[in-house]
Amino acid sequence: LGLAMRELDRCPPELRRFEWSYLRHAASPVVGHVPLANPAVDLALDARRGVLLAYTSAGELIEADPATGGTRVQNVAPPGARGSLSDDGRLLAIAGTGGLRVLDVATGQDRLVQPTAGQVRFLSLSEAGRSVAWVTEEGEVGVREVEGTTPAAVLTVPDARQVAVGERG
């Protein structure tokens, strides 16, 4: 590893392009690691704040700062609650029996609270965190804009014979 770093440093600065930065990063040692007491369910990197975020099976949101080695643990949901972080780490969707909520990670404030038809089985935030999608054990499939108040779509298939669709209003 040390030899690779020395060879990269010998490259004249005017010849350093994307490949040089990529190889330098790949040859760099891992900054640190974060020991987790509970398995991580989802991970995201908040590049704006430079922190790694992990949502665990115990309902914890862990923020790790590789620069300082510090961590902050928040209990944001009951153990076993489903969770999904937005790709940029700004939002965390949490679901349980009877509903879901979308939490602003930086402020801790709810951005959306959405009742659902029972236990949420699957949950996902869109890439940009603009919408959240869910599926319940009772057959409800929903998509909702995080900032809006009107469901983008809700589909209920309780016994595979009935279908109801809500429209954006």
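Keep in mind that this is a model prediction, so the values were computed, not measured.
A heavy-atom distance below 4.5 Å is not found between the side chains of Leu92 and Val102. Side-chain contact check for Ile94 versus Val76: some heavy-atom pair is nearer than 4.5 Å. Looking at heavy atoms from C-beta onward, Val132 lies in side-chain contact with Leu112 at the 4.5 angstrom threshold.
Listed by first and then second residue, the salt bridge (Lys or Arg N to Asp or Glu O under 4.0 Å) pairs that reach into residues 71-84 are Glu63-Arg72, sequence neighbours excluded. The salt bridge (Lys or Arg N to Asp or Glu O under 4.0 Å) pairs that include a residue from residues 116-126 are Arg121-Glu137, where partners are two or more places apart or lie in different chains.
Applying the side chain to side chain donor-acceptor pair (under 3.5 Å) criterion to Arg101, with sequence neighbours excluded, gives Asp110. Taking the side chain to side chain donor-acceptor pair (under 3.5 Å) definition, one finds that Asp88 meets it with Ser86, Arg90, sequence neighbours left out. The side chain to side chain contact (heavy atoms under 4.5 Å, CB included) search around Arg130 returns Ser126, Ala128, not counting sequence neighbours. By the side chain to side chain donor-acceptor pair (under 3.5 Å) test, Thr136 pairs with no residue at all, sequence neighbours left out. In this structure, Asp87 has no salt bridge (Lys or Arg N to Asp or Glu O under 4.0 Å) partners at least two apart in sequence or on a different chain. Partners of Thr68 according to the side chain to side chain contact (heavy atoms under 4.5 Å, CB included) rule, which considers only residues two or more places apart in sequence or in another chain, are Asp65. Scanning for side chain to side chain contact (heavy atoms under 4.5 Å, CB included) contacts around Asn75 gives Glu60, with sequence neighbours left out. In terms of the side chain to side chain donor-acceptor pair (under 3.5 Å) criterion, residue partners of Gln119 (sequence neighbours excluded) are, by chain and number, Thr97. A search for side chain to side chain contact (heavy atoms under 4.5 Å, CB included) contacts involving Ala133 returns Val143, not counting sequence neighbours.
Proximity of a side-chain donor or acceptor of Asp104 to a complementary backbone N or O of Arg111 within less than 3.5 Å is not detected.
Considering CG of Leu103 and CG of Leu61, their distance stands at 7.5 Å, rounded to 0.5 Å.
The two residues Val120 and Leu123 have their closest heavy-atom pair at CG1-CB, 4.3 Å. For the residue pair Leu125 and Leu91, the shortest heavy atom distance occurs at CD1-O, 3.7 Å. Residues Gly89 and Leu53 approach most closely at O-CD1, 3.1 Å, considering heavy atoms. Closest approach of Ala77 and Tyr55 over heavy atoms only: CB-OH, 3.5 Å. In this structure, Leu45 and Val51 approach most closely via the heavy-atom pair CD1-O, 3.4 Å. The two residues Leu100 and Ala95 make their nearest non-hydrogen contact at CB-CB, 3.8 Å.
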After noting the C-alpha distance and the side-chain angles of Thr56 and Asp42, does the key distance pass the side chain to side chain contact (heavy atoms under 4.5 Å, CB included) rule?
-> CA-CA 7 Å; Thr56 72; Asp42 202 4; over 6 Å; no
Go through the steps for Trp134 and Glu140 under the test side chain to side chain donor-acceptor pair (under 3.5 Å), then give the verdict.
-> CA-CA 8 Å; Trp134 67 91; Glu140 178 185 81; 2.7 Å; yes
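Side-chain heavy-atom separations under 4.5 angstrom define the hydrophobic clusters, and Val113 shares its cluster with no other residue.
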